[in-house]
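For reference, the structure discussed in these notes is given below.
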Amino acid sequence: MWLPCGCTSKYVASSFARRILASHLHVSGRSRCNVAAFMPEAAGFEGVSGRAALRELSVSNSESFWAAVARHRLSWSIPFHTVQDCDLSRGKIKWFEGGKLNVSVNCLDRHVHTCPERVALIWERDERGSEMKYTYRELLEMTCRVGNLLRRHGVKRGDCVTIYMPTCPLAVASMLACARIGAAHNVVFAGFSADALAERIRDAQSSTVITVNQGVRGGKVIELKKTVDTAVESCPTVKQVFVAMRTDNPVTMTARDIAMEEVREQKMLKEDVVCEPAVMNSEDVLFLLYTSGSTGKPKGLVHTQAGYLLYAALTHRYVFSYHDGDVFGCVADIGWITGHSYVVYGPLANGATTVLFESTPIYPDPGRYWDMVERLKINQFYGAPTAIRLLLKYGDQWVNKYDRSTLKTLGSVGEPINTEAWEWYHRVVGDGRCPVVDTWWQTETGGICIAPRPSDPDAEIVPGMAMRPFFGIKPVLIDTEVSGELLTSNNTSGALCMAQPWPGMARTIHNNHQRFIETYFQPYPGYFFTGDGAYRSEEGYYQITGRLDDVINVSGHRIGTAEIEDVVCPAVAESAVIGYTHSIKGQGVYAFVVLKKGIDVKEADLSRQLNGMVSEKIAKYASPDFIQFAQRLPKTRSGKIMRRVLRKVVESDLEGLGDLSTLDDPAAVQEIIQGHEKLLSKNRP
Ligand code: 6R9
């Protein structure tokens, strides 16, 4: 059962849900029993005799599937009257209209009614061995206090609150408090710079920001409040900044700052612990989350209430085979979509105990994850390939030191996982006994779309492949070259698109629906275009081959090459940024830079300056690993930089330079090749 303690929530009131449950109790056929035992919400489907058939039905009869799941899994104040109203050709996506609910009630109150003392959060603080636990009752109280505080300071339904905090209980309570009072949240990853934060605050038109005095990560103190101070200088919309205390060090408070009354345990004792939840429509905005696209401007993807929550909860339950009572350890930061869906919303909707990881994989030593698995008795561990590749290099002893017998499923997300890392994860971390699920999805998809599980318990898992579409997901491959033709055979590659809407998908780009349509729905009319390429194997399994646009993926973090190029430096005439294969980070950043005429500056000094500027304007992770200075860049006769050629040079694939006939000046390529070799020889150990 998905409900804690096996109790039915009093909020599950629709007669349809009761009918489904009733039919579940009276089924007699063995196969139907199996499906019902596997997925109680599917018990009402006549004649579905196994997981493959259930998947088939979820796609061919997706309305019935999602209606049953939504009625069973979510608690509604008013049931929905229309399952979906979507038209992919126009970028119109609406689910569960007419329905009203509150996301924080679904994540907290209904579990407090049944199991108030169950642990909701385990905060694995940066300081090893100092973890703190919060029960569902405590998390509800904290959420209500923050909700009341926000309301008292004028935050209303429909407002957008920017949250710039490390992964900690108060950050989760702040997200849920927004949901409780009907405000949208806009969590900005606490590694982003003041400029990047300011851009996101301005675009979201937030008048309220929540932050902490200082963050602590890998033993280092990070001045988050100071970053907010700098950011809000260029944000005229900001009226108030709430400041919580993560460390004991006081910070300078300005007239717009409000101290969040709290004790060290982040409990905020002053506010009332009861906060009336707003009754929200299914399609009201739950949050914005900014992510990089192929232009210089990040896009604020919009997710709404019911569909998002349902999809996060269902994927959390079935992809990881989460069961009641498990401790779920997703080590993503709450600033990314993975943190939203699999640290906060999915696990809490399912009444799980979820881990908030505040540290780094190698602090204070490379055994940190596995020490945590032993200490917190983690059952599902969900992390990124970049960390796995890093830890693999430190050797097996850091893993073997700790008891990992509680682990049942291992997950991977954010970028392709190479076979060597996959096998090490499976053989060493999971002792060869835990399924490894390579999960493909995006900020745009809201939750996992392709993953090896759910499938039959003994179904094969191929290393490094996301493999199987989730319930209700219908991936297709489309030819990128020949007139956007649908590729129907197996053993083929193409642009990965989705042929059908699903409840978790983003609804729009904040303030820019036109860009939403142009980016996702116009490239292949009638389909949602993911921006990724994929290969479909002989067996019909999917393997992601990488981005088809100018977005690169550094340590699982998306960054648009144009965003880095847009960091203007007075000395630079033009630049081109390329992603290249990096043994730990997955992709590294390589920048070609052409200086303005007459600039006389040492290249090493300018490199340092440019790196500093990218860290300052965007974030440290976006800072180039290599900067190559050039006289000019290879261009077509119409003046377009030939990135394809630069990419080949960076990957040292000179054979693969391809057709150079459209080049304006072929000598430019030779110069670039020579400059690249010089840079490499300087950087060889
Ligand atoms: C969840 C998340 C999305 C992009 C996506 C793709 C890459 C994510 C992947 C993967 C290969 C996987 N990606 N998971 N590539 N295999 N299992 O990471 O969201 O930050 O929006 O990034 O990440 O390129 O398009 P987001």
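Excluded from the calculations below are hydrogen atoms, water molecules and symmetry mates; all remaining heavy atoms, backbone and side chain alike, are included. This chain uses plain numbering: 1 for the first residue, then up along the sequence. Note that this is a predicted model, so its numbers are computed, not measured.
Of the possible donor and acceptor atoms, none in the side chain of S615 sits under 3.5 Å from a partner among the backbone N and O of K620. Of the possible donor and acceptor atoms, one in the side chain of R643 sits under 3.5 Å from a partner among the backbone N and O of V577. Looking only at distances, a side-chain donor or acceptor of R433 sits under 3.5 Å from a matching main-chain atom of L407. Put simply, the side chain of R507 never gets that close to the backbone of G91: no donor and acceptor are under 3.5 Å apart. Side-chain atoms of T508 do not come within 3.5 Å of backbone N or O of H510 as any donor-acceptor pair. Not one N or O on the side chain of D456 forms a donor-acceptor pair closer than 3.5 Å with the backbone of A459. A donor-acceptor pair under 3.5 Å is formed between the side chain of R368 and the backbone N or O of Y363. Side-chain atoms of Y524 never come within 3.5 Å of backbone atoms of L496 as a donor-acceptor pair (strictly under, hydrogens ignored). Under a 3.5 Å cut-off, the side chain of R453 and the backbone N or O of P457 do form a donor-acceptor pair.
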Discussion item. Assess the residue pair F529 and Y520 against the criterion (ring pair (Phe, Tyr, Trp, His ring centres under 6.0 Å)); give the C-alpha distance rounded to whole Å, side-chain angles, the decisive distance to 0.1 Å, and a yes or no.
Written reply: CA-CA 5 Å; F529 174 44; Y520 304 109; 8.3 Å; no
Discussion item. With ring pair (Phe, Tyr, Trp, His ring centres under 6.0 Å) as the criterion, how do W502 and F65 come out once you've worked through the C-alpha distance, each side chain's angles and the decisive distance to 0.1 Å?
Written reply: CA-CA 11 Å; W502 65 100; F65 176 82; over 10 Å; no
Worksheet item: N418 and R389: side chain to side chain donor-acceptor pair (under 3.5 Å), yes or no, with the steps?
Response: CA-CA 9 Å; N418 49 310; R389 283 193 294 266; 3.2 Å; yes
Item to complete: Report the C-alpha distance between F357 and Y369 in whole Å, list the side-chain angles of each, state the deciding distance to 0.1 Å, and finish with yes or no for ring pair (Phe, Tyr, Trp, His ring centres under 6.0 Å).
Response: CA-CA 9 Å; F357 184 68; Y369 278 167; 5.5 Å; yes
Worksheet entry | Check against ring pair (Phe, Tyr, Trp, His ring centres under 6.0 Å), F320 and Y382 | CA-CA 9 Å; F320 300 100; Y382 192 27; 4.6 Å; yes
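A heavy-atom distance below 4.5 Å is not found between the side chains of K393 and W424. The shortest distance between side-chain heavy atoms of S292 and E563 falls below 4.5 Å.
Side chains of S89 and D87: a donor-acceptor N/O pair is present below 3.5 angstrom, by distance only. Residues R536 and N491 have side chains that never bring a donor and an acceptor to within less than 3.5 angstrom of each other. Neither side chain, Y290 nor T443, offers a donor N or O lying under 3.5 Å from an acceptor on the other. Between the side chains of Q500 and Y527, no donor N or O sits under 3.5 Å from an acceptor N or O. For Y580 and Q587, the side-chain atoms include no donor-acceptor pair closer than 3.5 Å. Side chains of Q670 and Q674: a donor-acceptor N/O pair is absent below 3.5 angstrom, by distance only. A donor and an acceptor atom, one from each side chain of S341 and Y308, are located under 3.5 Å apart. Residues N611 and S623 have side chains that bring a donor and an acceptor to within less than 3.5 angstrom of each other.
In this structure, the ring of H340 has its center less than 6.0 angstrom from the ring center of H185.
By the 4.0 Å N-to-carboxylate-O rule, K617 lies too far from D566 to be salt-bridged with it.
With respect to Y590, the side-chain hydrogen bond (donor to acceptor under 3.5 Å, both in side chains) criterion is satisfied by exactly one of H676, E651, H582, R647: H676. The ring-ring contact (aromatic ring centres under 6.0 Å, His included) test with W441 is passed by exactly one of Y311, W336, Y342: Y342. For the side chain to side chain contact (heavy atoms under 4.5 Å, CB included) with V343, the qualifying choice from L356, V331, V355 is L356, the only one to do so.
Atom CD1 of I378 and atom NZ of K408 lie 13.0 Å apart (nearest 0.5 Å). From F528, atom CZ reaches atom CD1 of I93 across 8.0 Å, with rounding to the nearest 0.5 Å.
Within 6.0 Å of atom CD in E655, 12 or fewer heavy atoms from other residues, nucleotides or ligands are found, so the atom counts as exposed in its surroundings. Taking a 6.0 Å sphere around CD of E539, one finds it holds more than 12 heavy atoms contributed by other residues, nucleotides or ligands. Counting non-hydrogen atoms of other residues, nucleotides and ligands closer than 6.0 Å to CD of E518 gives a total above 12. In K92, the NZ atom is crowded: over 12 heavy atoms of neighbouring residues, nucleotides or ligands sit closer than 6.0 Å.
Remark: R90 is not positioned above the aromatic ring of F521, lacking an NZ or CZ atom under 6.0 angstrom from the ring centre and at most 45 degrees off the axis.
Closest of all the heavy-atom pairs between I673 and L657 is CD1-CD1, 4.2 Å.
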